[in-house]
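Working notes, beginning with the structure itself.
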Amino acid sequence: MLQEARVSESDLDRVRELLRTRYHPRDHEEAQELILGALQDVQQIIGWVPHEAAVIVGDHLGVTENRIYGLLTFYADFRIAPPGKHFMLLCHGSACYVGGSQRLIDEMQQRYGVHGDETTSDGELTLQIVNGCLGVCDLAPVIHLDHIYYGHLTSDSMNETISEAIRRGPTPGAHEAH
């Protein structure tokens, strides 16, 4: 089981500094327009949006915690728990569904114990199922693992890809197709 996620005071100080320097709403309406950008910046800084940072954003912009969490839970791109060492998007859009993405989702549940937007108990892999489209339908079914696309997958080839990624470690910044 993963330990309770903690965020450092230095990360929270970076969030406060970001808000102080970049986010100066003139009124409530403008504050509403700035929430998403501020939360995206927080996630960029920390890697996820911890509760303490969400409260700081809400206080700074004068919006309720409910409003903040409404947005954090509505948009799939936000993480409210720390991600695993590896991050994987599994496309479940139309082309991938027809190509067998449900088999891949079932495999993730059975083999790794993750059911969607979850992290494996060992903290190695975070899975996010994308019910929209990753935009590489010619590779269906496709995953996006550590910033690299892998397509035409079967359960076996997906498992091999995940194992290989864990062996080599994350590859931040790579944007290729395999």
Side-chain angles (χ1 to χ4, degrees), residues 1-93 101 105 108-109 112-136 142-149 162 165-166 169-175:
M1 192 79 194
L2 286 175
Q3 292 182 334
E4 184 178 326
R6 302 241 185 249
V7 61
S8 72
E9 193 58 40
S10 65
D11 281 340
L12 295 177
D13 286 343
R14 292 172 57 202
V15 168
R16 289 181 189 99
E17 181 63 21
L18 164 81
L19 294 169
R20 241 188 326 272
T21 58
R22 290 196 57 199
Y23 292 93
H24 307 282
R26 290 176 297 227
D27 54 33
H28 181 72
E29 185 176 318
E30 187 175 2
Q32 294 292 318
E33 294 172 8
L34 295 175
I35 298 170
L36 287 176
L39 293 173
Q40 288 169 331
D41 285 345
V42 167
Q43 184 161 291
Q44 183 71 31
I45 289 171
I46 301 175
W48 59 295
V49 183
H51 175 77
E52 300 90 335
V55 169
I56 291 169
V57 170
D59 288 347
H60 182 82
L61 296 177
V63 297
T64 66
E65 193 173 320
N66 284 345
R67 175 73 173 133
I68 298 291
Y69 273 91
L71 293 170
L72 287 173
T73 56
F74 178 78
Y75 291 103
D77 289 344
F78 287 117
R79 291 185 296 276
I80 56 174
K85 295 174 187 171
H86 302 270
F87 187 77
M88 184 172 99
L89 299 171
L90 192 158
C91 186
H92 197 45
S101 62
I105 291 169
M108 293 302 299
Q109 292 173 351
Y112 301 95
V114 289
H115 296 84
D117 299 336
E118 296 178 343
T119 300
T120 56
S121 62
D122 63 3
E124 280 293 328
L125 178 68
T126 296
L127 168 67
Q128 182 176 343
I129 296 172
V130 178
N131 287 313
C133 179
L134 291 180
V136 286
V142 66
I143 63 171
H144 187 249
L145 176 60
D146 292 338
H147 307 286
I148 301 172
Y149 291 97
I162 292 169
I166 290 171
T171 54
H175 296 283

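Along the sequence shown, residues are numbered consecutively beginning with 1. Values below: all heavy atoms of this structure, side chains included; hydrogens, waters and symmetry mates excluded.
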- Message: For the CD atom on Glu9, are there more than 12 heavy atoms of other groups (residues, nucleotides or ligands in this structure) within a distance under 6.0 Å?
- Response: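 More than 12 heavy atoms, drawn from other residues, nucleotides or ligands, come within 6.0 Å of this atom.
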- Arg26, CZ atom: more than 12 neighbouring heavy atoms under 6.0 Å: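 Count not over threshold, so no.
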- side-chain contact (heavy atoms from CB on, under 4.5 Å) partner of Leu19, chosen from Asp41, Asp59, Val57: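 Considering Asp41, Asp59, Val57, a side-chain contact (heavy atoms from CB on, under 4.5 Å) with Leu19 is found only for Val57.
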- Task: List in chain and number order the residues that pass side-chain hydrogen bond (donor to acceptor under 3.5 Å, both in side chains) with Gln109, two or more places apart in sequence or in another chain; answer none if no residue qualifies.
- Result: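 Once residues adjacent in sequence are excluded, Gln109 has no partner under the side-chain hydrogen bond (donor to acceptor under 3.5 Å, both in side chains) criterion.
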- Query: What ring-ring contact (aromatic ring centres under 6.0 Å, His included) pairs are there with at least one residue in residues 55-81, not counting sequence neighbours?
  - Reply: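 Of all non-adjacent pairs touching residues 55-81, those that pass ring-ring contact (aromatic ring centres under 6.0 Å, His included) are His51-Tyr69.
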- Query: Does the side chain of Leu145 reach to within under 4.5 Å of the side chain of Leu125, using non-hydrogen atoms?
  - Reply: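 In contact.
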- Query: Heavy atoms, side chains only, cut-off 4.5 Å: are Glu17 and Arg14 in contact?
  - Reply: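 Answer no - side chains too far apart.
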- Apply side-chain contact (heavy atoms from CB on, under 4.5 Å) to Val63 and His28, showing your working. CA-CA 8 Å; Val63 297; His28 181 72; 4.3 Å; yes
Looking at every heavy atom in both [X] and [Y], which two are closest together, and how far apart are they?
| X | Y | result |
| --- | --- | --- |
| Ala31 | Leu61 | CB-O, 3.2 Å |
| Asp117 | Ile129 | OD1-N, 3.5 Å |
| Pro82 | Thr119 | O-OG1, 3.9 Å |
| Ser101 | His92 | OG-ND1, 2.7 Å |
| Ile166 | His86 | CA-NE2, 3.5 Å |
| Gly132 | Cys91 | O-SG, 4.2 Å |

- Partners passing ring pair (Phe, Tyr, Trp, His ring centres under 6.0 Å) against His115 (at least two apart in sequence or in another chain):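 Residues passing ring pair (Phe, Tyr, Trp, His ring centres under 6.0 Å) with His115: none at all.
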- Task: For the pair Asp122 and Thr120, evaluate side-chain hydrogen bond (donor to acceptor under 3.5 Å, both in side chains) and give the outcome as yes or no after the intermediate values.
- Result: CA-CA 5 Å; Asp122 63 3; Thr120 56; 2.6 Å; yes
Verify, without hydrogens or angle tests, whether [X] (side chain) and [Y] (backbone) share a donor-acceptor contact under 3.5 angstrom.
| X | Y | answer |
| --- | --- | --- |
| Thr126 | Gly84 | yes |
| Asp146 | Met88 | no |
| Arg79 | Gln43 | no |

Could you give the distance from [atom1] ([X]) to [atom2] ([Y]), rounded to the nearest 0.5 Å?
| X | Y | atom1 | atom2 | result |
| --- | --- | --- | --- | --- |
| Arg67 | Ile35 | CZ | CD1 | 4.5 Å |
| Thr73 | Ile80 | OG1 | CD1 | 7.0 Å |
| Leu90 | Asn131 | CG | CG | 10.0 Å |
| Asp13 | Leu18 | CG | CG | 12.5 Å |
| Leu134 | Leu89 | CG | CG | 5.5 Å |

- Message: Does Glu52 form a salt bridge (charged side-chain N to carboxylate O under 4.0 Å, His left out) with Arg6? I'd like the steps, not just the answer.
- Response: CA-CA 10 Å; Glu52 300 90 335; Arg6 302 241 185 249; over 6 Å; no
